Amino acid sequence: MAAPLELSCWGGGWGLPSIHSESLVVMAYAKFSGAPLKVSFIDNTWRGSRGDVPILTTEDNTVSQPAKILNFLRKQKYNADYELSAKQGADTLAYIALLEEKLLPAVLHTFWVESDNYFTVTKPWFASRIPFPLSLILPGRMSRGALNRILLTRGEPPLYRVQEVEAQIYRDAKECLNLLSNRLGTSQFFFGDTPSTLDAYVFGFLAPLYKVRFPKVQLQEHLKQLSNLCRFCDDILDSYFRLSLGDG
């Protein structure tokens, strides 16, 4: 009998199983590949000390980071990319790199750096799920980590202040969304009728941007103009998560 697989991740709200992109990537991939995960949502009894979530735990392994978790699941024969061609596999890697370079900085900025969003939505939501006194410390640490990650994606010296790159971050993200919309077209998923790793990543990055109600929504407004990407998120939520959703 296979060892049980337990995923510790941030929970949901706004009609999402998780509002955390990296948790959503793993949750969606597990649904697509049939991996039997037991999902444990972090609450105020959490004993972790950092925000390095999601975490996959088995009898003798602990794996964090979406790419490493997905690779582990593939080794356990839970493979959502089984039917992809070599070219589609290469395209998957290229698109994931594009998402992480061009879209992720804007998602992080929307949640963790834009002050109105952070203080009215992000910080209260995460703090309510973290035990005291860590709830006073960890959201700020996660915000600083997000800012450092954004600045690192700019990739060239000197290290900019975020205000200097904010406009470019959102321009890049909008271009990325347009490219994804054009690539998806009228298809159900990015490689036809069956969801794959790329669909898990796109869903994980887009769904929180699409559903969470923020006071500052410039990228959300752009996404909502791309009806096929919104339909893509809605279809995955309805087909794979409808029975497990709570408002978190």
Side-chain angles (χ1 to χ4, degrees), residues 2 5-7 9-12 14-39 41 54 56 63 65-104 107 173 176-212 223-224 226-246:
L5 303 172
E6 182 168 349
L7 183 72
C9 61
W10 296 109
W14 296 277
L16 297 173
S18 174
I19 71 164
H20 180 243
S21 284
E22 293 183 331
S23 296
L24 268 185
V25 169
V26 177
M27 292 170 73
Y29 183 88
K31 294 283 189 181
F32 299 162
S33 65
L37 292 189
K38 176 188 175 186
V39 178
F41 293 119
L56 183 72
V63 189
Q65 300 175 17
K68 291 180 180 177
I69 294 173
L70 268 54
N71 192 47
F72 178 86
L73 292 176
R74 290 187 197 103
K75 289 178 179 176
Q76 306 302 307
K77 311 301 184 191
Y78 300 113
N79 188 352
D81 298 343
Y82 184 73
E83 296 183 1
L84 297 189
S85 67
K87 181 184 185 306
Q88 289 170 332
D91 286 350
T92 295
L93 295 176
Y95 272 98
I96 290 171
L98 181 75
L99 286 164
E100 291 182 337
E101 181 184 351
K102 301 295 188 183
L103 185 58
L104 181 60
V107 173
C176 184
L177 290 175
N178 293 341
L179 185 67
L180 291 171
S181 178
N182 291 334
R183 176 65 182 80
L184 181 63
T186 59
S187 298
Q188 183 177 8
F189 300 110
F190 279 87
F191 296 114
D193 298 329
T194 305
S196 65
T197 297
L198 179 57
D199 298 284
Y201 270 89
V202 174
F203 173 73
F205 283 32
L206 293 191
L209 203 57
Y210 172 38
K211 293 291 188 180
V212 176
L223 172 57
K224 287 185 175 179
L226 303 171
S227 59
N228 63 336
L229 293 181
C230 296
R231 185 264 310 154
F232 167 85
C233 292
D234 286 332
D235 284 353
I236 289 175
L237 285 168
D238 191 54
S239 298
Y240 293 93
F241 293 101
R242 183 164 50 92
L243 296 178
S244 59
L245 283 179

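Everything numeric in this text was worked out from a predicted model, so none of it was measured.
- Scanning for side chain to side chain contact (heavy atoms under 4.5 Å, CB included) contacts around L93 gives an empty result, with sequence neighbours left out.
- Listed by first and then second residue, the side-chain hydrogen bond (donor to acceptor under 3.5 Å, both in side chains) pairs involving residues 194-211 are R74-T197, D81-T197, S196-D199, Y210-D234, K211-D234 (not counting sequence neighbours).
- Residue M27 comes nearest to L7 through the heavy atom pair CG-CD2, 3.8 Å, listed as atom of the first residue, atom of the second, then distance.
- Within a 6.0 Å radius of CD in Q76, more than 12 heavy atoms belonging to other residues, nucleotides or ligands are found.
- Residues satisfying the salt bridge (charged side-chain N to carboxylate O under 4.0 Å, His left out) test with R183, not counting sequence neighbours, are none.
- Checked against side chain to side chain donor-acceptor pair (under 3.5 Å), E22 has the following partners two or more places apart in sequence or in another chain: R149.
- Checked against ring-ring contact (aromatic ring centres under 6.0 Å, His included), F32 has the following partners two or more places apart in sequence or in another chain: Y240.
- For the pair L16 and L237, the minimum side-chain heavy-atom distance is below 4.5 Å.
- S181 is linked by a side chain to side chain contact (heavy atoms under 4.5 Å, CB included) to L226, N228, L229, counting only residues two or more places apart in sequence or in another chain.
- For the atom pair CG (D91) and CG (L84), the distance works out to 9.5 Å, reported to the nearest 0.5 Å.
- You'll find the side chain of H20 stays beyond 4.5 Å of the side chain of V25, heavy atoms only.
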Test log, rule side chain to side chain contact (heavy atoms under 4.5 Å, CB included), inputs L184 and F232 = CA-CA 9 Å; L184 181 63; F232 167 85; 3.8 Å; yes
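- In this structure, F189 has no ring-ring contact (aromatic ring centres under 6.0 Å, His included) partners at least two apart in sequence or on a different chain.
- When the side chain to side chain contact (heavy atoms under 4.5 Å, CB included) test is applied to A173, the partners found at least two apart in sequence or on another chain are L103, A106, L219.
- Counting all heavy atoms, side chain and backbone alike, L24 lies closest to P17 at CD2-CG, 3.6 Å.
- A distance-only check finds no donor-acceptor pair linking the side chain of T92 to the backbone of L198 [under 3.5 Å].
- With hydrogens and angles ignored, the 3.5 Å screen pairs a side-chain donor or acceptor of Q88 with a backbone N or O of S85.
- Minimum heavy-atom separation, C9 to P54: CB-CB, 4.2 Å.
- In terms of the side chain to side chain donor-acceptor pair (under 3.5 Å) criterion, residue partners of E6 (sequence neighbours excluded) are, by chain and number, S40.
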Full working for side chain to side chain contact (heavy atoms under 4.5 Å, CB included) between Y95 and V202 | CA-CA 9 Å; Y95 272 98; V202 174; over 6 Å; no
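- Considering only residues two or more places apart in sequence or on other chains, K75 meets the salt bridge (charged side-chain N to carboxylate O under 4.0 Å, His left out) condition with none of them.
- Nearest heavy-atom pair, R231 versus Q188, reported as atom, atom and distance to 0.1 Å: NH1-O, 3.5 Å.
- By the 4.5 Å heavy-atom criterion applied to side chains, L104 and L99 are not counted as neighbours.
- In N182, the CG atom is crowded: over 12 heavy atoms of neighbouring residues, nucleotides or ligands sit closer than 6.0 Å.
- Aromatic rings from Y78 and Y29 are positioned such that their centres are separated by 6.0 Å or more.
- For S21, the side chain to side chain contact (heavy atoms under 4.5 Å, CB included) partners are V107, F205, P208, not counting sequence neighbours.
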Identify each donor-acceptor pair in which a side-chain atom of residues 65-73 lies under 3.5 Å from a protein atom, sequence neighbours left out, and give them as a table.
none

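- Using cut-offs of 30° and 60° on the angle between ring planes, the pair F241 and F203 is parallel.
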